[in-house]
Undergrad: 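Here it is, the structure in full.
First the proteins, then the strands, lettered A, B, ... as listed; each starts at 1.
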Number of protein chains: 2
Amino acid sequence: MNIGEIAKRAGVSRSTVSYALSGKRSVSEETRRRIQQVIDELGYRPNASARALANGRTSTIGLVFPPAGNHYTGMQLDFIGSVVEAAAAYDYDVLLSPSGVDSDRSFQRLLGERRVDGAILMEIRLQDDRVDHLGEENFPAVCIGRTARSDRDWWVGLDHTALAAACVNHLADLGHRRIALVNRPEHLLRAGYESAHRGLDGFTKAAAERGLTVRTYCCGDDAPSGQECLERILHEDPDTTALVTLNEAALGGLYRGLAVAGRHVPRDFSLTGVVAGRWAETVTPQLTAADVPAEELGRLAVELLVERLDHPDAVPRHHLLAPPISLRASTGPAPAPAVNR
Amino acid sequence: MNIGEIAKRAGVSRSTVSYALSGKRSVSEETRRRIQQVIDELGYRPNASARALANGRTSTIGLVFPPAGNHYTGMQLDFIGSVVEAAAAYDYDVLLSPSGVDSDRSFQRLLGERRVDGAILMEIRLQDDRVDHLGEENFPAVCIGRTARSDRDWWVGLDHTALAAACVNHLADLGHRRIALVNRPEHLLRAGYESAHRGLDGFTKAAAERGLTVRTYCCGDDAPSGQECLERILHEDPDTTALVTLNEAALGGLYRGLAVAGRHVPRDFSLTGVVAGRWAETVTPQLTAADVPAEELGRLAVELLVERLDHPDAVPRHHLLAPPISLRASTGPAPAPAVNR
DNA sequence: CGCGTTCTTCGAACCGGTTCGACATCTCTG
DNA sequence: CAGAGATGTCGAACCGGTTCGAAGAACGCG
């Protein structure tokens, strides 16, 4: 059931069938009807590979997501979902590519073999060879996150610096003086992940401006690490009264650590951070947080990519979002300093 | 930079280059080296569309996942991740297809246009027209979950009946007499989702056998719904001392509802259910649960699909898993009946 | 030396679409 | 009524690979 078969049964040439379907040249009403009827009868659909080969477009975009094997966070899930959904609206499919263990290989596969028309990259690093590489080749890509030199890239991202600072200020306003930062895992920070870096930056600067005493921690992307991290925080400075987390996956563990230590939230201890709204609502008390608009970021990334695909010479565009802090129930006034500690 | 260009620069014909790469016919060592050198110099990679067109295989599998737009659960995330990873090991890419709003359209796109060699389906219904349809066409597909008539399908799944029953028995052994079931959302149950149905089934039967008093609830896939559901449970039968949840996304809300109601877990109230291990560990106290081995299910699904693709006439195979309950901290002996309620 | 094998390599056909140029008809206009 | 222009259709070439049959070269053997 290929286009030749349709043509034969409709008594026309292959090209006529093609034009009838694409509408790129006029076809008489009579002929079009006959062709359509045959197509409907046979349930014909044009072969995607052949079409991609002929016109050089696959109608597929690649979603390059973080190393497989380790844990995914809820935020990443939200990105994937919203990207797929937004892409469908533009008639694009989404091909997943773990840029994991063998990063180069799957990258080569996607781009070198032209499986996709463009790509969306997640978990960007400040110095990101993937981005540099794509930039050199002028391959249509959009980053969720931005590199250090981001003027020439297309990206959507969060203003992690401002977000972390907002969290610090929120806590400072409530009277907290000794606070901690719970960052993403150390290997990610060391690898230069932008959210971890800029978040740390914003946190540190804002804390300095407000004259706060701070400690910063890296923490694995799971609940047990979160609990462990919290124990370390309280052990190293028992007078800590609040924390900011950039690590969503550790959230449950942080809460557990506080419960185990007998610190009531928010009476004895306040938490805030940068977390997607849906996940901030799963903990008790609900987390006061800068809600990561994962859904919007995914959608914007697709929109930018589609625009770039339609206009190959367009100048780089980007969106920097800085959602406000949603007040929920996990922060409160700093407790009066304990006399006996 | 196509195969013709390589051939020209290496001074051979296109077919020789093809054979040198595929190894399907012998090529002299001398020639092979010359070709390889040119390829390395130019960084040539064969075009995936052309290759797919020529040999009729795309080396891509489709992952048909639940309606977009609504919430994804952590379990679904784990599936996606493990499927992608396992597929990569067999040199397959994964194309995501939301079987959402316009289910037929994206289905047609994937299968009718031959974008994928095979498909993995998630969130199966007992009567699933997608599965029936694929079965009729003998299209290589593997379900994560099983339909009512599953003899002729390929699938991997959980024994939800047994799992729910195990949860009930665990609670009954601890002395609980009045328990509730928190199921997936009502529209999913009504649509015939197999996990919701079989889970409900196993729960009801086991409870009857043990002579327990039960109530069953449907609950939205998010924390606020979970909280609301718990309020309803305690309102409609304040003597309820335990619950089983099939709804992972509601978990945080259930815990919050209990906290708000002043019921201590596990002293006053026990929780258990069917939840992926990683997520069972995010709540405090950690959830005693039948751990959904999402990672293993995803991997097995890919293995079955690959086998089916390699042997088109193989007889249907499947894996039914029934992981044991992992004892954590959310269940305990039933509280002594309150005299005054 | 002649002949059958084996080893290499090539050209052509094919996969299933799209698109270009050409041609035949039909229609309008001066 | 001739010529220009628009309309509808077709055949051929092309996208970039794979694969088949055949042909030339090298080799072994009687």
Undergrad: Test of understanding: with ring-ring contact (aromatic ring centres under 6.0 Å, His included), list the residues that count as partners of B/His319, not counting sequence neighbours.
TA: none

Undergrad: Mapping B/Ala50 and A/Asn55 to their closest nucleotides on DNA chain C, which lands nearer the 5' end?
TA: B/Ala50

Undergrad: Mapping A/Ser26 and A/Arg14 onto DNA chain D by nearest heavy atom, which one lands closer to the 5' end?
TA: A/Ser26

Undergrad: With sequence neighbours excluded, give me every salt bridge (charged side-chain N to carboxylate O under 4.0 Å, His left out) pair touching residues 305-315 of chain B.
TA: B/Glu307-B/Arg317

Undergrad: Not counting sequence neighbours, which residues clear side chain to side chain contact (heavy atoms under 4.5 Å, CB included) with A/Arg109? List them please.
TA: A/Glu113, A/Arg115, B/Ser59, B/Asp91, B/Asp93

Undergrad: End-to-end bend of the helix from C/dC1-D/dG30 to C/dG30-D/dC1 (five-pair axes, 10° rounding)?
TA: 50°

Undergrad: Does anything in residues 117-156 of chain B form a ring-ring contact (aromatic ring centres under 6.0 Å, His included)? List the pairs, not counting sequence neighbours.
TA: B/Trp155-B/His318

Undergrad: Of B/Arg45 and B/Tyr19, whose closest DNA chain D nucleotide lies nearer the 5' terminus?
TA: B/Arg45

Undergrad: Give me the atom names and distance for the closest heavy-atom approach of A/Val94 to A/Val84.
TA: CG2-CA, 3.8 Å

Undergrad: Answer with base, sugar-phosphate or nothing: what part of the nucleic acid does A/Ser28 contact at a heavy-atom distance below 4.0 Å?
TA: sugar-phosphate

Undergrad: At 4.0 Å (heavy atoms only), tell me whether B/Thr31 reaches a base, stays on the sugar-phosphate, or touches nothing.
TA: sugar-phosphate

Undergrad: Just checking A/Ser15: base, sugar-phosphate only, or nothing, at a heavy-atom cut-off of under 4.0 Å?
TA: base

Undergrad: Could you list where the contact with chain A starts and ends along DNA chain D, reading 5' to 3', using a 4.0 Å heavy-atom cut-off?
TA: D/dT7 to D/dG16

Undergrad: Work out which heavy atom in A/Gln127 is nearest to a heavy atom in A/Ala148; give both atom names and the distance.
TA: NE2-CB, 4.2 Å

